[in-house]
Enquirer: 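Below: one structure in structure tokens.
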Amino acid sequence: MPAVMAGVDGGGRSLDCRSFWKAGASEGPSVPIREFHDALETGDFDRARVHPKFLHTNATSHKWAFGAISELLDNAVDEICNGATFIKVDKSTNTKDNSPMLVFQDDGGGMDPEGVRQCMSLGFSTKKSKTTIGQYGNGFKTSTMRLGADAIVFTRAIRESKVTLSIGLLSYTFLRRTMKDDIVVPMLDFEVQDGQIAPLVYGSQGDWDSSLKIILDWSPFSSKEELLQQFEDMDSHGTKVVIYNLWMNDDGLLELDFDDDDEDILLRDQGQNSGASTKIQKEIIQQHISHRLRFSLRAYSSILYLKKFENFQIILRGKPVEQINIANELKFKKVVTYKPQVAHDSQVVSVKVDIGFAKEAPVLGIFGINVYHKNRLIMPFWKVLQEASSRGRSVIGVLEANFIEPAHDKQDFERTPLFIRLETKLKQIIVDYWKEKCHLIGYQPIDPKLRSQYKAALKDSGGPSVKIRHEASTAQKTGGHLSNLLPQTYDDEAAFRLTANRAGSALHSSGQGSMDSAGLEEDLVDIGSLGVLDPSCNEKLSEENLVLFTRREDLRQRDTQLKQTIGELEHELEETRRKCSQLAAELQLRRSQQQHYM
């Protein structure tokens, strides 16, 4: 289906403006004055109302669509304690207008009728434990409304041996098209008794019938039977969220791209600028996860959670997401302990900061600190130091900062004094690490005395380029250990191992190579002075990376061909098994007939 959807109206069941950032400014007809006076006379004005425009305004807290998607992933992860083993994210099709829909489905504990009403209410949350990610009671509303104008929820739960099915419709289109001045969420409930599904009516039958009519008129489903079919692929409990009337960009194209990669969901208009100075660097950087996470949901979700799940999977478009622990992808890694000064009456907090060089160093200047909160990534590749400084080049860090609170969109932290002190501390950690380790990736030490020792060590070892060429050749022959952050690029840690052993021992023997992690100063540090990179080293690494980059593409093609061949052979095997089964059945039948005649 073409990505251009501007002409789709859905029989009057979509908004006039389908661009998210303009939808809130689009003026709809106001409520008739007569209805306003009727509300006063009937006493329906005794409560505060929330105008439907608030749904859109509330959703603007998510500047980034993937931030909204991660909120829905968080909801499923929080259900692991209730038995959830997966969250599926996929594309479906609205049969009413043939437009794409975004579907999330998990096998968590589900929600009973009361729970689903709390979920779809504004600002209600029961998540107050130290382990759950969600806490504001706002994530479902902001995330769904950020991704599309409308969402419908199907949930199945078992509470005290009572099996219930619930359906809720949160439709910005319905509210605006029908000129509502209050947020109305139609709900339907069913109860399973003796294997039969029966309506569960809490108010009047008329209210239940009215909710059914609204849902059928404004959802992708045309009958009660179609609604109930959505529960057929659920087990005994779980939740399915269907988001439709997805938002578009200013060009009338869907903001989410489902077509360019069948195993991924991509963001349009993202990741165009890689910041590379040469074609070689651009090609390599575009494959690095620090770049791909901007526009690839598979890349982003692979590092979204710090600890790898034991019995839980994120299944994106039918294929599980392979989790990556960034700390495991660092070379010359060091662990630094930081003890933030929290409140005086609180317990002492100790934070471990994993810091090291990217495996692609020094060819790629990728750097930044990945900050997690309660296992969830909040700030990926946060550039604590200025980008123009070469100090800290290729230095990557990972920490879990549970002692500070994230912002509501979980893409940043509240700018509290505690956060500012953390930022200062991280700057100091990076600079100290750089002073101690930069010679291991080809930079000359900052101290002139150490620099002369380093040059002497390089001269004795024949320079790093000979070792690099040998190790790169070995990597081509053996496959080597490859970085998960940059698919199938070579690991150059061994290339500098000789230099590290000789120059590093000289530095440590001088007493300058150690870093006291316990007594780091909290004052801002000078990050202006530059390290010096050996030009020949940089050139050789670029050449070797280009060779390996080309080889990687060849291996990808071979891998695709092999997978296709395996698929064909498996199909032939199934056909052969099927024929064998038929022949065995025929043989058995003939034997039975012979015995019958005998």
Side-chain angles (χ1 to χ4, degrees), residues 13 31-32 34-52 54-55 58 109-126 137-138 140-141 144-145 149-231 234 237-242 244:
R13 295 303 189 245
V31 179
R34 182 66 257 169
E35 291 188 16
F36 180 83
H37 289 295
D38 289 344
L40 286 175
E41 294 173 359
T42 58
D44 194 35
F45 216 67
D46 290 339
R47 59 186 177 86
R49 298 188 177 201
V50 180
H51 195 275
F54 179 74
L55 285 177
N58 197 34
M111 294 175 281
D112 59 14
E114 180 183 358
V116 72
R117 282 160 175 78
Q118 293 172 354
C119 167
M120 305 187 83
S121 299
L122 293 170
F124 189 96
S125 177
T126 57
N138 209 26
F140 173 79
K141 281 75 67 175
T144 53
M145 293 296 99
D150 310 291
I152 185 168
V153 178
F154 301 87
T155 184
R156 179 185 179 112
I158 302 176
R159 301 290 188 270
E160 299 178 353
S161 301
K162 182 179 180 180
V163 181
T164 57
L165 314 177
S166 296
I167 303 170
L169 177 70
L170 186 63
S171 174
Y172 186 62
T173 304
F174 158 68
L175 297 171
R176 299 294 282 148
R177 285 284 192 175
T178 56
M179 300 179 292
K180 300 292 184 186
D181 64 346
D182 198 4
I183 296 177
V184 178
V185 182
M187 308 288 297
L188 293 175
D189 301 295
F190 299 86
E191 186 176 8
V192 180
Q193 294 180 334
D194 300 326
Q196 301 297 316
I197 300 176
L200 188 59
V201 180
Y202 286 101
S204 66
Q205 185 64 45
D207 291 338
W208 197 95
D209 294 338
S210 176
S211 294
L212 175 61
K213 184 178 187 307
I214 293 172
I215 290 175
L216 296 181
D217 285 345
W218 295 92
S219 79
F221 309 100
S222 302
S223 66
K224 185 176 73 174
E225 289 69 28
E226 284 188 26
L227 291 173
L228 293 177
Q229 284 177 5
Q230 297 302 306
F231 294 98
M234 290 187 191
H237 46 74
T239 300
K240 179 187 294 185
V241 179
V242 181
Y244 56 103

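Values reported hereafter were calculated over all heavy atoms of this structure, with side chains retained and with hydrogens, waters and symmetry mates removed. The structure presented is a predicted model; accordingly, all values stated were derived computationally and were not measured.
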Enquirer: Judged by atom type as modelled, is there a donor-acceptor pair below 3.5 Å linking the side chain of K141 to the main-chain atoms of C119?
Expert: yes
Enquirer: Do Q229 and E225 pass the side-chain hydrogen bond (donor to acceptor under 3.5 Å, both in side chains) test, and can you show the C-alpha distance, the side-chain angles, and the key distance before you say yes or no?
Expert: CA-CA 6 Å; Q229 284 177 5; E225 289 69 28; over 6 Å; no
Enquirer: When rounded to the nearest 0.5 angstrom, what distance separates CZ in R177 from OH in Y172?
Expert: 12.0 Å
Enquirer: Dump the intermediate steps for side chain to side chain contact (heavy atoms under 4.5 Å, CB included) on I197 and F231, then the final yes or no.
Expert: CA-CA 11 Å; I197 300 176; F231 294 98; over 6 Å; no
Enquirer: Give, for atom CG of D217 and atom OG of S222, the distance between the pair rounded to the nearest 0.5 Å.
Expert: 9.5 Å
Enquirer: To check you understand the geometry: which heavy-atom pair defines the closest contact between E191 and L200, and what is its length?
Expert: OE1-CD1, 3.5 Å
Enquirer: If you take all heavy atoms of M234 and T239, which pair is closest and at what distance?
Expert: CE-C, 4.0 Å
Enquirer: Might you point out which heavy atoms bring A151 and Y244 nearest each other, and give the distance in Å?
Expert: N-CE2, 4.1 Å
Enquirer: Using side-chain heavy atoms (C-beta onward) and a distance below 4.5 Å, is Q230 in contact with L165?
Expert: no
Enquirer: Would the distance check show the side chain of S211 and the main-chain N or O of D207 forming a donor-acceptor pair, the cut-off being under 3.5 Å?
Expert: yes
Enquirer: Other residues, nucleotides and ligands only: do more than 12 of their heavy atoms fall within 6.0 Å of CD on E226?
Expert: yes
Enquirer: So, taking the atom named CG in L169 and the one named OG in S219, what distance separates them when rounded to the nearest 0.5 Å?
Expert: 6.5 Å
Enquirer: Apply side chain to side chain contact (heavy atoms under 4.5 Å, CB included) to Y202 and M187, showing your working.
Expert: CA-CA 10 Å; Y202 286 101; M187 308 288 297; over 6 Å; no
Enquirer: To the nearest 0.5 Å, what is the distance between CG on D189 and OG1 on T155?
Expert: 10.5 Å
Enquirer: For the residue pair D182 and L175, what are the closest heavy atoms and their distance?
Expert: O-CD2, 3.8 Å
Enquirer: Could you walk me through whether D150 and F174 pass side chain to side chain contact (heavy atoms under 4.5 Å, CB included), step by step?
Expert: CA-CA 8 Å; D150 310 291; F174 158 68; 5.5 Å; no
Enquirer: Could you go through W208 and F190, starting from their C-alpha distance and side-chain angles, then the distance that decides it, and tell me whether this counts as ring pair (Phe, Tyr, Trp, His ring centres under 6.0 Å)?
Expert: CA-CA 11 Å; W208 197 95; F190 299 86; 5.5 Å; yes
Enquirer: When you look at T164 and D112, which way does the side-chain hydrogen bond (donor to acceptor under 3.5 Å, both in side chains) test go after all the steps?
Expert: CA-CA 6 Å; T164 57; D112 59 14; over 6 Å; no
Enquirer: Could you walk me through whether L227 and F154 pass side chain to side chain contact (heavy atoms under 4.5 Å, CB included), step by step?
Expert: CA-CA 9 Å; L227 291 173; F154 301 87; 4.0 Å; yes
Enquirer: For the residue pair A157 and H237, what are the closest heavy atoms and their distance?
Expert: CA-CB, 4.4 Å
Enquirer: Could you pull out the closest heavy-atom pair between V153 and M111, with the gap in Å?
Expert: CG1-CE, 4.2 Å
Enquirer: Is it the case that more than 12 heavy atoms not belonging to Q196 sit under 6.0 Å from its CD atom?
Expert: no
